[in-house]
Every structure is written in structure tokens, then in C-alpha cells.
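Protein chains get the first letters and strands the later ones, always in sequence-line order, with residue 1 at the start of each.
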Amino acid sequence: MSAAVIAVRRLRNWSAVLGGLLVALVVLMTLLSFVWTPYDPTFVNANAALVGMGHGGHLLGTDAYGRDTFSQLLVGARVTLLAGIIAVGISAVVGVPAGILAGMRARWLGEVIMRCSDIVFAFPALLLAILLAAGFGASTWTAMVAIGISTVPIIARLARAATLQVMATEYVLAARAAGRNGWWIARRHVLPNIAPVLIVQASVAFGLAILAEAALAYLGLSTQPPTPSWGRMLHDGQGYLFSAPRLSIWPGIAIALAVLGFNLLGDGLRDLLDPRQRDRR
Amino acid sequence: MTTLDVAGLTVHMGSVPVVSEVDFRLERGDRVGLIGESGAGKSLTALAIMGLLPGSGRATGRIELSGQEIQELPERRLARLRGATMAMVFQEPMTALDPVMRVGRQVSEVVGRHQGVGRRDARRIAVELLRTVELPEPERIARRYPHQLSGGQRQRVVLAMAMANEPELLICDEPTTALDVTVQDRMLRLISRLVEERGTALLFISHDLAVVSALCDRVLVMYGGRIVESGPVAEVFAAPRHPYTAGLLAASDLADAVPGTRLLTVPGAIPEFGAFPSGCVFRDRCDRSLPECAQLPALGTVGAERSVACHNPVPGGVIR
Amino acid sequence: MSDTPIVSAQGLVKNFRSVRALDGVDLEVARGQRFGIVGESGSGKSTLARLLLGLDRPDSGTVRIDGTLVDKNQRFVHKTAQMVFQDPMSSLDPRMRVRDIVAEPIRDDTNRVTELLDAVGLSKSVLDRYPHQFSGGQRQRIAIARALAPRPAVLVADEPVSALDVSVRAQILNLLLDLTVQFGLTLIFVSHDLSVIRHITDRVAVMRQGRIVETGPTEQIYAAAQHDYTRELLAAVPRLRYRPSRDR
């Protein structure tokens, strides 16, 4: 094994560790926010508006309403994590089985599934978010259900393509010759072999969901005030981009690091799950 | 006239030596077979000559093509030689052709690039080349896409591209392995005719000893990245001196074995690169190995045109 | 009982879209026979192999294994007939350990798996390793062990040695011959390689464009092929022009 390849592999492990740390940080912030925040993140204090970093006991300063930025970041992590979990959860729970089924039953059932998926795909996520918000009242949940549903076709299509590849292999034929049924083949052969692509796609979708939440929050179609979310903070901060850039910078950094963390973790997991990568000599 | 002179060619992939101190020479019109199991270093030898080693590959030693040292040449000048002075045909014709370009255009591009002719002329020459490789209705074939051709037809197109600029050296790496026997048979005859007419030197890589015996005059036997035996095909195959050559021949010779009986074979499996034993690379699979095999045997001459690297060669080439 | 063929097919027709892959194939393989199916790509030989094991359904025609209709009793077929494939990399799931691969046709049983590995010349130290850690020949041994797991009477081998080097090919052919004797297997050997077919089978069917053009005892076909296509195939087989003399 060449030195270059080993170096690349070390780097990959290293990036998985870094990704894990970043994700752990978001989780930690979420957990911490339930038990402790320096201030009530929604407490409006006109006397402490736009306090600079490190002044008046506010580590990262306050916003135009005098709310403590650090406390808002901590509580905002909840929304971020929830947003990712709901959106990716919905798209995975619906999309993966649908894709596998479409790939394994390539005839009419597969066609029906994929055409349904095309219809969902053609339906704009924003319109869905508006409809859900109109029906149930805008919240983090409606926004993320909308994002989740609109990513289902992407995951389903990916799962189907990967499944078709696996179904064309001789080890699936061997499993059928061994008398194993479709359920066994899906569980023992298809899922483990398509998992790497799905994990990478899920980590990308996680990042996109966080960004989408921020965008929808900006449009008022997601997390409602006064509940803080990183997207909302970014939105609120834009009016002070020149006078108090930190109001945009901190949530911006938080979003960027969280998205990066999930992507690095996804890449790392893919390699960890592959026996060929795991024990290359 | 010497077309290709390789001396002390050593190839490393990263820090692992995969080809070691390979020497051989091809005169004009020579047909030399390079045989051995997969993982012996045959393809890497060919890629090193073409200057096409993958990623971390690095070659040292001397490679002379028609008197010009090419091993040290910068990529830009080497690229000009590829397809013109030396050409290569790979095993899988589907991946050697661009799936979204008509085959006539692919052939005429090779012609245009090296011969400096206009598009019209290049096109005409391309159709002629397709005719030369015995494709029926070459004008129609030229308008097709690769996937519209059969495997044998595709490999003919690849051969037409390789021969487009009348190279002095043609390297074929398992060109017929993916083809049916009847198609292989016609393809081998075609290669044979083309190199003979043009005096092209042929380096033919194969694991199929029967194919090599039909096409080549000389043979190089490779194992563990080293040439372990070389000489005229007729002599080497009739009386192999290296135990590895003898084992390969015994395992190949189904026609001479009694049907339904066990075949003679080379025991064990070829190690991975970097895992070959020190000293003689074959000694852990060899039933003739001696204590002195811990020392690397030199490739010594036996007879007028033959060499073997073995401390205990098979006497007279009779398999026990 | 023993004079009824263990595998028989009548009037098999199979189309893929508009292409006729099999065009009326009849076949009988006697118990204990080593039966060769030879043909070039597109001859329908692999399609035939799959139909014989019920891995695909014919458009018309029937297959019986040991007297039982294949599409009526799948479970019986999987116990009676097993298959070995061409590419031992693609036929083993890269994410499964050897113990799970070999045990796929049976219930997990380490003793039985060890016994099977032993039969194909592998030690039990390989149980927890993955396919990529083996050479092509060793992978094919693992695939053969898996096929033997349900104690089949019939082993269908579809080009089992064409992806292997000559020395390994000889090892696997030797193994298949040994196993047919040891377990009293009926072997159906599908190949494009007439020299391999000649060595390993005692009866052969020559296929072309979805039909069997000639069938008979292997030696007889090689000595005096009746059909032009068989003769053409035989003439195209590359032969060692020079070979060592052997002292037998």
C-alpha cells in the first residue's frame, strides 16, 4: 500500500472524527439548552439592545431586542437538529423502502412507484410548505415535513438505482438459487450494499434541510418567533449586517459547521461500513 | 533494426516494486508473447512502456523506441509518440471507445491528429482503415456508435485506430480474451496479417498459452514482476526449463490430458504484489526449490537464444 | 427410477423483449452424468442454465428436476440443484463474511460450514473473512462450498473457470471432478471453451442461436462432429502448437 493511499485514508478517518465532533457539539448544545442557558433566550430587554461581545455578561452580545445571542444559539441548535432529523427521517423512511421495492419489483409496481415519485418531485417544496403552513399553521414541523416529502423522490430514485445494480449481481442470483426470498435478499444483500450511497446522500440531505429551514424561517414559513432558530437569527441579523455583523456571523458559522459536520460524518461512515476499506493492508 | 529496447525496467506502485529489472528487445517485425498469471506484472510492463502508469506508478530503467530514449521524456512529447510510433489495444473494446461518438469520427481523429491531414481526407482514410481491419461495409460501420457494434467489431475498430498511423510498435493486452472463440480466431489472424504486412513489432500480452503459441515467435514468461524464462516459443513450450513455465504448460494442455482425470497444475495461488518471497520469486510454489533459491537467481542464458532464471531448472523440459 | 433423467427440459422457449433467447430446447441429463452445454455468447446457454434451476420462467415449455416440475416446487429445486457462477467476485456479496455466504442456502451451522470449506480445500480460519481478502480461485472455492451446502444432487456450473488463470483453472476443474465423484453429483457444465468441456464432460450439447444443434457423447462429437457449426467451433479453438513431451 503506497504512502499516498495511507495518507488519504488517515485523512478520511480524521475527517470522520472531526465530523463526529462537530455533530456531537450540536447535540451537546441541544442537550445543554434544555437544562441551562445564560439568559432566557426570548427575554426582551430594551436596555441591553445590541450589546457588543463580552459586554454586560453577554458572551456573544445581544440583538436589537436585547436577547442574548449565545442563549439563542444554544436553543436554536434544537431546531436545527430537529429539522434535520424530521426531514431526513421522512425521506429515508418513505424513500428507502419505496426505492428498494421499485428496484426489486422492476415491472409494473416499480413503474407505479417511480411515476408517483416523479409527481412529488415536480411539486415545488415551497408550495408544499405554504400549503402545510396554511393548513396547520407555520411551524418547524410543517416546514420540515415539506422538506422531507420533497426529498423523498431523490432518496427513492437513488435507492432504486443502487438496488438495480445489486439485483444484477450474481450473488443475488445465488441467493435466489439458495431458495432465499425477496425479504431476505432486501435485508441481507440489498440494504448493506446500498447503505453507503444512502448514508452519503442522507448526510447531504441533512445539511440541505438545515439550510432549507433557515430559508423557510426567513420567509416566515417555519419556526415562528419568538422561538429562536439559526435560520431566524440569520434573518433577523440581516438588517444589522453593517452595524452589528456578528448577529449574522455567529448563526452563519453555526450553520456552516453543522452542515460540514454532517457531511464529514457521512463520508466517514461510508468508509467504516465497507469491509474493503476497513482492513486494507 | 531494433524497435524496442527495454533495459533494467523497474516499476514501483507507491513503495511496492511490481516490475523488477526487466530486459528485453523487439526487432522490427518481431512477435513476442508476454505470458504469466494475472498479477504477474504483464500489464504494468506494457503501461510503463507506453508511459501510462496509473496514479502512484513510477518507472525507472531505460526504454528505447526506435533508437530514441523515451523513459525520461516529458508527457507532452510522449503523447505525440503514442498512437503514432507506438500503439496499444486493450482487453475491453467497449471502454476503449467513446460511447457518444460515431466510430468513423473516432478513427479519423486519430488519423488527423498525427498525420496533419484535413477532415475530408482523414475521414476517407478512416473508412479505408475500417476496410483494412476487414469490417464489412466500412462506410456504414463508420456512421455507427460503439454500442451498435458487436464485441468483435468494436475490437476491430480499436485495432484500426491503433494501426492508423502505422506504428512501429503494437502492444496488445489480452485483446481477444473477451471474445468468442470463432471471433478470437479471426481477430488473431487479422493482427497477424497486419503486423506482418507492415513490419510492426508486436508485444502480445496473454494468459492463454495456446494463443501465444499460434501468434508469436518468441515468448517472455513473467512471474512476480520478473522475467523468469524467455526464448523462441517453439523451444520454450516444447522443453520449458523454468518450473513455472512447465507448470503453466501442464495446466494449459487440456488436449493432451486424459478427459476426466486430474490435471497437473501449479500449486497454490499467486501472491499479491509485495508479498512475493525474497530470493527466487517462485520458490514458495515450486516443487524443485533448493536452499540456494533463497538467493535471487540471475536470468542466465541456456542455449543460443534462451534464458532462464532458476537454480534448479527442469532438465530437458520433461514434466514429471 | 435410476433410468429416469434427473434433469429434463421440453420445448423451452424464452424471449427477452423481441429477442428469442431460447427457441425450443429439449434436454435430458442422466443421473451421475457430467453434461456439457457449449456455445458462444448469445447462444442461450446461460439462459438455459437459469431456466433449469427455476431462476427464470420460460415463456413456454417445462423443466423437471428428479421428476418434479421446477415452477411448481421451488423449495425442492433449491435443495436438489445448485449453481456456481462465472465471476467469483460478483457472485459473493462483498459485505458478507465467508461463514454467512456458505450458510446462505442452509441454517447457520458452523460445523456444517467448516465441513463444506474443508471439502473445497479451505481451512476454517477463513470463516470470518470477507471475499475481497481472497484470490479468484479461492473465491470460486467459496462459491462452490455454498452450492454444496444443501447437499444437492445436481450442480450447474455456468462458466465457472473462464474468469480464472490457467493454473487456477486446472485447480478448480480438478476440484469439480473430485466433488462429483465424492458426492455422486450430476454436473451440468456450461462453457464457451471446448477444450475445458472436452476434459470435464462425458456428454455435450452444442448450442447456437437458442437451439441445440448437436448433442452426443463428448468424445464422439470431438472425433466426428456432424454439424457444420460444431466443426467451425472446434477449428477455432486455439491449440498449443508446441508442447512438452510427458513421461507417463
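Listed options His207(B), Arg186(B), Glu235(B) were ranked by heavy-atom pairs under 4.5 angstrom with chain C; first place goes to His207(B). Residue with the most contacts toward chain C among Ala214(B), Gly36(B), Ala269(B): Ala214(B) (heavy-atom pairs, distance under 4.5 Å). Among Ser195(C), Ser135(C), Pro238(C), the residue with the largest count of heavy-atom pairs under 4.5 Å with chain B is Pro238(C). Counting heavy-atom pairs under 4.5 Å between each of Asp180(B), Val211(B), Asp185(B) and chain C puts Asp180(B) at the top.
Proximity to chain C (any heavy atom under 4.5 Å) is restricted, for Gln184(B), to the side chain, taken from C-beta onward. For chain C, no part of Val236(B) is nearby; none of its heavy atoms comes within less than 4.5 Å. Residue Pro271(B): no heavy atom, backbone or side chain, is found under 4.5 Å from chain C. Only the side chain of Glu219(C) comes within contact range of chain B, with at least one heavy atom under 4.5 Å from a heavy atom of that chain. No part of Val181(C) comes within reach of chain B, as not one of its non-hydrogen atoms sits under 4.5 angstrom from that chain. For chain C, the nearby part of Arg285(B) is the side chain; its heavy atoms alone come within less than 4.5 Å. Proximity to chain B is limited to the side chain of Asp178(C), based on heavy atoms less than 4.5 angstrom apart. Of the two parts of Thr177(B), neither the backbone nor the side chain holds a non-hydrogen atom closer than 4.5 Å to a non-hydrogen atom of chain C.
Of all the heavy atoms in Tyr242(C) and Phe237(B), the pair that sits closest is O-CB, 3.5 Å. Here the closest non-hydrogen pair linking Glu37(B) and Val168(C) is OE2-CG2, 4.2 Å.
The neighbour count for Arg211(C) CZ, taken as heavy atoms of other residues, nucleotides or ligands under 6.0 Å away, does not exceed 12. Dense packing is recorded around CZ of Arg193(B), with more than 12 heavy atoms of other residues, nucleotides or ligands lying under 6.0 Å away.
In this structure, Arg243(C) and Leu249(B) have side chains that are not in contact, with every pair of non-hydrogen atoms separated by 4.5 Å or more. Residues Thr261(B) and His199(C) are in side-chain contact: their nearest non-hydrogen atoms beyond the backbone lie under 4.5 Å apart.
Checked by atom type, the side-chain pair Glu40(C)/Thr182(B) shows a donor-acceptor distance below 3.5 Å.
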*Go through the steps for Arg169(C) and Leu254(B) under the test side-chain contact (heavy atoms from CB on, under 4.5 Å), then give the verdict.*
CA-CA 11 Å; Arg169(C) 178 182 77 176; Leu254(B) 290 170; 3.5 Å; yes

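Using a distance-only test at 3.5 Å, with no hydrogens or angles considered, a donor-acceptor pair links the side chain of Thr265(B) to the main chain of Ser167(C). One N or O on the side chain of Ser213(B) and one on the backbone of Arg239(C) form a donor-acceptor pair closer than 3.5 Å. Side-chain N or O atoms of Gln171(C) include one that pairs as donor or acceptor with a backbone N or O of Gly268(B) at under 3.5 Å. For the pair His192(C) (side chain) and Leu179(B) (backbone), a donor-acceptor distance under 3.5 Å is absent.
One distance of note links CZ of Arg241(C) with CG of Leu209(B); it measures 14.0 Å at 0.5 Å rounding.
With Leu263(B) as the partner, the side chain to side chain contact (heavy atoms under 4.5 Å, CB included) test is satisfied by one option alone out of Asn174(C), Val166(C), Ile172(C): Asn174(C).
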